[in-house]
Q: 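Before we start, here is the structure in question, set down as structure tokens.
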Amino acid sequence: MTNMPHDGRRVRRWVLAGSVFLNLFLAAVVGGQYLRHRTEGAHQATALANFLQNATEHLSPADAAAFRSVLRQDAPRYVQAHENLARARADIDNQLLAPNFDAAATRAAMARWQAAWNGFVGDFSDALVDAISRLSPEGRRTLVNSAPHRKTDFFQLLTRGKSAVGP
């Protein structure tokens, strides 16, 4: 049996502990990335549900019920358009993440996204107008006042180099 000096054992323990912590950290990062990508589809599917919840939380019970009823009834009309929009967005992401960037393919993916967006807005706006038409005047006022109104000066953001999501 080899007798190792006391300092050598201490160094090996620290190296082993560091290796274990590094592996745990890397496993957490990889796991987080996997879960983030896995739940993106679920997030997109619940975006409409979140909109419905946010839009109705300030309405009277009668207005909220009428609003939800129309949107749920018309859901088959716009859910497919929303799924098409999500697929088009995924196509853009795939183009941006490709090892070799293809500008023509990216432009084509963006054109497909724009067409999908226009289809979704067209389908959903009809249902939204129908739902709003069922609200009382007070309900329409509440809906307008509770909606976020963010003014973004796009040109100013570009010229100052500020982030669109930051202050």
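Residue numbers count from 1 along this sequence.
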Q: Not counting sequence neighbours, which residues clear side-chain contact (heavy atoms from CB on, under 4.5 Å) with D123? List them please.
A: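 Counting only residues at least two positions away or on another chain, D123 forms a side-chain contact (heavy atoms from CB on, under 4.5 Å) with Y78, A81.
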Q: Can any side-chain N or O of S69 pair as donor or acceptor with the backbone N or O of A65 at less than 3.5 Å?
A: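 Such a contact is absent between S69 side chain and A65 backbone.
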Q: Examine V129 and V79 and state if one hydrophobic cluster contains both, with Ile, Leu, Val, Met, Phe, Trp and Tyr joined whenever side-chain heavy atoms are less than 4.5 Å apart.
A: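 No, V129 and V79 fall in different hydrophobic clusters.
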Q: Using side-chain heavy atoms (C-beta onward) and a distance below 4.5 Å, is F67 in contact with L128?
A: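 Heavy-atom side-chain distance check passes, below 4.5 Å.
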Q: Side-chain donor-acceptor pairs under 3.5 Å in residues 101-108, sequence neighbours left out?
A:
{"unit_1": "D102", "atom_1": "OD1", "unit_2": "A104", "atom_2": "N", "d": "3.2"}
{"unit_1": "D102", "atom_1": "OD1", "unit_2": "A105", "atom_2": "N", "d": "3.2"}
{"unit_1": "T106", "atom_1": "OG1", "unit_2": "D102", "atom_2": "O", "d": "2.9"}

Q: Give the table of side-chain donor-acceptor pairs shorter than 3.5 Å for residues 110-117, with sequence neighbours excluded, one pair per line with atom names and distance.
A:
none

Q: What's the spacing between I92 CD1 and L97 CG if we round to 0.5 Å?
A: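 So the gap between those two atoms works out to 11.5 Å.
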Q: Mind checking side-chain contact (heavy atoms from CB on, under 4.5 Å) for Q73 and listing every partner two or more places apart, or none if nothing turns up?
A: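 So Q73 forms no side-chain contact (heavy atoms from CB on, under 4.5 Å) with any residue.
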Q: How many angstroms lie between CG in D63 and CG in L143, if you round to the nearest 0.5 Å?
A: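 The CG atom of L143 is 9.5 Å from CG of D63, to the nearest 0.5 Å.
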Q: Listing request: all salt bridge (charged side-chain N to carboxylate O under 4.0 Å, His left out) pairs with a residue in residues 50-59, at least two apart in sequence or in separate chains.
A: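 For residues 50-59: none.
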Q: Quick test of your reading of the model: are R134 and D130 salt-bridged, counting only N-O distances below 4.0 Å?
A: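 No salt bridge links R134 with D130.
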Q: Quick one: do the N84 and Q80 side chains pair a donor with an acceptor below 3.5 Å?
A: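 Yes.
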Q: Quick one: side-chain contact (heavy atoms from CB on, under 4.5 Å) partners of A64, sequence neighbours excluded?
A: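 With sequence neighbours excluded, A64 shows a side-chain contact (heavy atoms from CB on, under 4.5 Å) to T56, L59, R68, given in chain and number order.
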Q: Could you tell me which non-hydrogen atom of V70 sits nearest to which non-hydrogen atom of A131, and how far apart they are?
A: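 Closest approach of V70 to A131, heavy atoms only: CG1-N, 3.5 Å.
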Q: Give the C-alpha distance, both sets of side-chain angles, the deciding distance and a yes or no for salt bridge (charged side-chain N to carboxylate O under 4.0 Å, His left out) between D93 and R89.
A: CA-CA 6 Å; D93 291 347; R89 175 57 202 212; 3.1 Å; yes
